[in-house]
Amino acid sequence: MLRIYNTLTRSKDEFKPITPGEVTMYTCGPTVYDYFHIGNARSFIMSDMIRRYLLYSGYKVKYVMNITDIDDKIIKRANEEGIDARQVAENYTRAFLEDIEKIKIKKADVYPKATDHIHDIISMIARLIDNGIAYNADGDVFYEISKFNGYGKLSGKNTEDLEAGARVEVNEIKNNPFDFALWKKHKEGEPYWESPWGNGRPGWHIECSAMGCKHLGETFDIHSGGTDLIFPHHENEIAQSEGATGKQFVNYWIHFGFLNIDNEKMSKSLGNFFTLRDFIKKYDAETLRYFYAQTHYASPLNFTDEALSASAKGLERIQNLYDKLNEMISSGDTGTEEPAFDLAGYYTSFNESMDDDFNTPKAVAVIFDFAKDANRIIHSGAKFTRGFLESLKEFMDKTAVGVFEIIKVHDAGAGRDLADDLIGILIKVRQEAKISKNYALADLIRNELNALGVILQDSKEKTTYKIH
RNA sequence: GGCGCUGUACCCAAGUGGCUUAAGGGGAAGGUCUGCAAAACCUUUAUUCGUCGGUUCGAAUCCGACCGGCGCCUCCA
């Protein structure tokens with residue numbers, strides 16, 4: 001039984017999808033005004049792992065990730081660069097899609113863009129006005145929070161608290177300083193669309209409400225995003241959607257903890273701001289995914305070089321086992337042994353860990369326990385049946401690859417190339433050297449290859465290699 | 001000021017009342033294997049969970065106080 005910590009109820013709730021066997025899930029994607037950073041990457045990756053686990057569990061998942069392509073920051077960026085806002089959005093949307101592919105995030109079923117949904121946004125605003133909870137103030141349309149009595153239910157805030165700590169600038173045209181913009185009146189130099197209230201553009205929060213309702217229905221199962229979006233963004237999404245439809249908007253709200261760099265908040269002014277593009281020059285996608293999987297999604301996470309290196313090192317153990325299994329299977333190095341191995345137990349532990357609010361650190365630990373157990377058997381020298389080896393590989397394919405995608409799957413059918421043949425010759429020469437006890441030559445070959453990133457590993461029968 | 005999170009070994013990090021006299025990874029030390037390495041495996045590395053009290057037959061887990069760290073309340077994943 002899957003249980004999910006739900007921000008809305010502040011408790012771990014049993015997960016019951018609206019339609020049995022199917023899940024509708026929406027996750028806040030980027031505002032495309034810049035390359036995204038490793039903090040954003042955490043949200044995207046953890047959302048991806050949650051989706052993959054739901055798929056692994058047998059659910060049919062409809063996964064929507066929005067792209068906010070019209071917003072103050074995009075306009076600002078466009079003005080800075082002296083180009084069209086549309087162009088800024090297009091450039092960074094393309095970069096975004098490239099980047100998430102690099103970090104092995106499964107493609108969403110839909111990537112709705114705000115600018116493709118202006119019509120839906122306008123309809124929703126019109127509905128809110130009809131319902132008497134939004135007002136047109138001379139071309140700007142605001143949401144009147146006092147008209148929605150559920151306002152604050154997600155973030156646990158109430159209007160009085162907000163006013164007590166008010167740091168929101170007072171805007172004379174609003175009825176209440178906390179009313180927020182649904183539609184912004186056109187200003188010179190900004191993109192605009194026609195609407196019943198005059199030319200303008202959507203406010204920040206409305207596109208998620210409109211697109212979520214459009215693509216997933218007026219009530220859907222899961223909505224995820226960074227913890228900083230709880231207020232005001234998600235609070236406002238609820239107010240808008242429920243104000244318009246009168247139905248519960250989302251059943252389960254999932255929020256991801258923040259990422260710090262060396263214990264400090266990542267910010268451009270501190271100079272500790274890393275885009276994903278910077279990151280993947282130094283580490284690979286699997287390391288990042290594994291690093292994130294090692295901490296529960298809701299906890300704050302401190303990002304340090306030391307921690308990343310430790311993750312890269314630890315991950316090798318899992319990758320080595322996977323490679324070893326592949327090699328044993330493809331080389332036909334099999335026999336008749338069928339050792340006792342509690343594979344079902346590992347599946348159970350893995351499932352139970354993930355069912356407990358997606359406890360990825362615990363699930364990762366299960367994979368390590370499995371690896372230790374499997375390695376112990378594999379290295380015992382016996383010859384195992386192909387079926388047994390394949391069952392071990394299958395476990396890794398389903399968990400480490402299918403759910404986490406933290407190990408690399410090399411093309412099984414990849415042909416040998418010239419480098420492979422040359423390395424093969426060197427290994428043969430080295431083998432001869434070892435037989436004649438010319439260890440100086442044997443070590444020379446190994447060291448030289450090592451310097452090229454080719455790691456030789458001797459075993460009793462043969463020498464294998466991997467290219468780093 | 002309001003709301004919320006958090007403090008577990010040298011580092012990262014699960015565990016939130018008895019299954020745990022605290023998982024897993026990194027690091028360190030010793031060992032097996034090896035010509036030597038590498039890989040892999042074995043052993044060791046927190047009688048203790050920020051501090052002090054309390055509740056309980058029993059607490060890292062619940063309660064209180066105190067000392068730290070952090071987030072949101074303003075654009076932010």
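Below, read A as the first sequence line, B as the second, and so on, with proteins coming before strands; counting in each chain starts at 1.
- Checked against ring-ring contact (aromatic ring centres under 6.0 Å, His included), A:Phe279 has the following partners two or more places apart in sequence or in another chain: A:Tyr283, A:Phe303.
- Between A:Leu315 and A:Asn320, the one whose closest nucleotide on RNA chain B sits nearer the 5' end is A:Leu315.
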Pairs under 3.5 angstrom only: tabulate donor-acceptor contacts from the side chains of residues 366-380 of chain A to other protein residues two or more places apart or in another chain.
| residue | atom | partner | partner atom | Å |
| --- | --- | --- | --- | --- |
| A:Asp373 | OD1 | A:Arg376 | NH1 | 3.3 |
| A:Asp373 | OD2 | A:Tyr346 | OH | 2.6 |
| A:Asn375 | ND2 | A:His379 | NE2 | 3.4 |
| A:Ser380 | OG | A:Ile377 | O | 2.6 |

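- The side chain of A:Leu301 lies closest to B:A13, out of B:G4, B:A13, B:G25.
- As rounded to whole Å, 6 Å separates atom P of B:U16 from atom NZ of A:Lys12.
- Listed nucleotides: B:G26, B:A39, B:U74. Nearest to the side chain of A:Phe178: B:U74.
- Checking B:A77, B:C11, B:G24 against the side-chain heavy atoms of A:Phe368 singles out B:G24 as nearest.
- Counting only heavy atoms from C-beta on, A:Thr295 has its side chain closest to B:A13 among B:A77, B:A13, B:C72.
- For B:A14 and B:U20, the C1' atoms lie 12 Å apart once the distance is rounded to whole Å.
- If you measure from atom CG of A:Leu154 to atom C1' of B:G4, you get 12 Å, rounded to the nearest angstrom.
- Nucleotides B:A38 and B:G31, compared at atom P, are 14 Å apart to the nearest Å.
- Computed from coordinates, the A:Ile445 CD1 to B:G35 P distance equals 17 Å when rounded to whole Å.
- A heavy-atom distance below 4.0 Å to RNA chain B is reached by none of the residues of residues 91-100 of chain A.
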(request) Could you give me the CA-CA distance, side-chain angles and deciding distance for A:His37 and A:Phe274, then say whether ring-ring contact (aromatic ring centres under 6.0 Å, His included) is met? (result) CA-CA 6 Å; A:His37 55 71; A:Phe274 299 112; over 10 Å; no
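- Under the Watson-Crick or G-U wobble criterion, with both distances below 3.5 Å, B:A46 has no partner in any strand shown.
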